[in-house]
Amino acid sequence: LDKRLTLIFRPNLAYLDFLQEGWRLEHSNVHDKSSEYVIKGVVYNEMKGAFSENSSVFSQNLLNNLLPDNTYGFVSGGNPLEIPKLSHKNLVDFHSKYYHPSNARIYTYGNFNLLKTLEYVSSEYLSDCNGIDNSYSRIPSQARWDKPRNVHISSRFDNMGAPFERQNQIAIALLMSDVTDNQETFVLHVLSELLIRGPNSSFYKSLIEPNFSGGYNQATGYDPQIKDTFFCVGLQDLRVEDFGSVQDIFD
C-alpha cells in the first residue's frame with residue numbers, strides 16, 4: 001500500500017519517465033542513426049489510437065465545440081497534434097498547480113475497516129499538505145449562445161464502413177442543467193431515455209423508422225457526467241443531402 005500511495009499521491013514525474021510515457025523523438029530504425037525521426041511515447045500512441053475511429057473524432061469535436069470556453073474545449077487525454085508541444089516543465093508545473101488534495105475527492109471501495117484506511121491516508125498524505133484556495137481550478141458554466149452554431153469537421157474514409165456517399169454523421173446537441181442540480185439532472189436523464197430508446201420512443205419513430213441512415217451515432221443520449229450536462233441526437237451513415245431533413249424533424 002505504501003508503494004501504491006507513493007505512485008498515486010507523490011509521483012516522481014522524472015524526465016526519463018516523461019520521455020517514455022509522454023513523447024520523444026526516436027529514429028525510425030533505432031540501429032541506424034541516419035534514419036528519419038519519428039514521434040514515440042505511450043500516451044502519444046494511445047491518443048493516436050483513440051483518434052483513429054471516426055466516431056471518436058466526431059464525439060470529441062462535438063464536446064469541444066459545444067463547450068468551447070472552458071476545460072471541455074480541449075482534449076483531456078491530449079490531441080496527438082498538440083502533445084509534442086508539451087515539455088517536461090509544463091507537465092511538472094501543471095501537476096503542482098492542479099493535483100493538490102484541495103482539488104481532490106477521495107473515494108473508498110471494498111470490505112475493509114474504513115476508519116483505519118482514512119487514518120492512514122490522512123497520516124501518510126493529507127497531513128503533509130495545507131489547504132489552498134482552489135477557486136482558480138473550478139469550471140465555470142458555459143455561457144449560453146443566443147443563436148445556434150453549425151460546425152463541420154472532416155475525417156478519413158473508412159474502408160470497412162458504409163458506401164462513400166454515406167460516410168457522414170450529424171448531431172444536434174443542447175446544453176441542459178448544471179450537474180450539481182441533482183433533481184434536474186435525474187429527471188433529464190430519465191426523459192432522454194424515454195425520447196430515444198426503444199421502437200416506441202419519439203425520436204426512434206421520427207428519425208430511425210424512415211430508414212435514411214445507419215441509426216443513432218455514439219454521441220446520442222444525455223451526458224450527465226460533465227459540468228454542463230447536454231442532450232444530443234445524432235445519426236450516422238447518411239447522405240449530406242439528408243442533413244436538412246434531420247434538422248427539420250428535430251425542430
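Under 4.0 Å is where a charged nitrogen must lie from a carboxylate oxygen, and between Lys116 and Glu119 no such pair does. With respect to the salt-bridge test (charged N to carboxylate O, under 4.0 angstrom), the residues Asp93 and Lys89 qualify.
Looking at heavy atoms from C-beta onward, Asn64 lies out of side-chain contact with Tyr72 at the 4.5 angstrom threshold. The closest side-chain heavy-atom distance from Leu195 to Leu191 is below 4.5 Å. Annotation: side chain of Asn200 is in contact with side chain of Lys205 (closest heavy-atom distance under 4.5 Å). Between Lys97 and Ser137 the shortest side-chain heavy-atom distance does not fall below 4.5 Å. The closest side-chain heavy-atom distance from Leu207 to Ser213 is not below 4.5 Å. Between Ile83 and Met47 there is a side-chain heavy-atom pair separated by less than 4.5 Å.
In summary, the aromatic rings of Phe231 and Tyr222 are positioned with their centroids too far apart to meet the 6.0 Å limit.
Not a single side chain to side chain donor-acceptor pair (under 3.5 Å) links Arg105 to another residue, sequence neighbours left out.
The ring pair (Phe, Tyr, Trp, His ring centres under 6.0 Å) with His88 is formed by just one residue from the set Phe18, Phe94, Trp23; it is Phe18.
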Audit row: Lys40, Glu26, salt bridge (Lys or Arg N to Asp or Glu O under 4.0 Å) steps and yes/no: CA-CA 7 Å; Lys40 294 288 186 69; Glu26 189 176 287; 3.2 Å; yes
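Of the N and O atoms on the side chains of Asn29 and Ser35, not one donor lies less than 3.5 Å from an acceptor on the other residue. No side-chain donor-acceptor contact under 3.5 Å links Asp158 and Asn54. In this model, a donor atom of one side chain and an acceptor atom of the other lie less than 3.5 Å apart for Thr185 and Ser177.
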Table please: side-chain donor-acceptor pairs of residues 144-151 below 3.5 Å, with sequence neighbours left out.
{"from": "Arg144", "atom 1": "NH1", "to": "Gln142", "atom 2": "O", "distance (Å)": "3.0"}
{"from": "Arg144", "atom 1": "NH1", "to": "Asp228", "atom 2": "OD1", "distance (Å)": "2.9"}
{"from": "Arg144", "atom 1": "NH2", "to": "Met176", "atom 2": "O", "distance (Å)": "2.7"}

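Here the side chain of Ser28 pairs no donor or acceptor atom with the backbone of Tyr37 at under 3.5 angstrom. Under the 3.5 Å distance criterion, the side-chain polar atoms of Tyr216 are matched with a main-chain donor or acceptor of Tyr204. Using a distance-only test at 3.5 Å, with no hydrogens or angles considered, no donor-acceptor pair links the side chain of Asn12 to the main chain of Ala14. A donor-acceptor pair is defined here as one N or O able to donate and one able to accept, closer than 3.5 Å; no such pair exists between the side chain of Asp17 and the backbone of Leu13. No donor-acceptor distance shorter than 3.5 angstrom exists from the side chain of Asn61 to the backbone of Ile153, with no hydrogens or angles considered.
Residues Val57 and Phe243 do not share a hydrophobic cluster, clusters being chains of Ile/Leu/Val/Met/Phe/Trp/Tyr side chains in contact below 4.5 Å.
By the 30° and 60° cut-offs, the orientation of the rings of Tyr99 relative to His95 is parallel.
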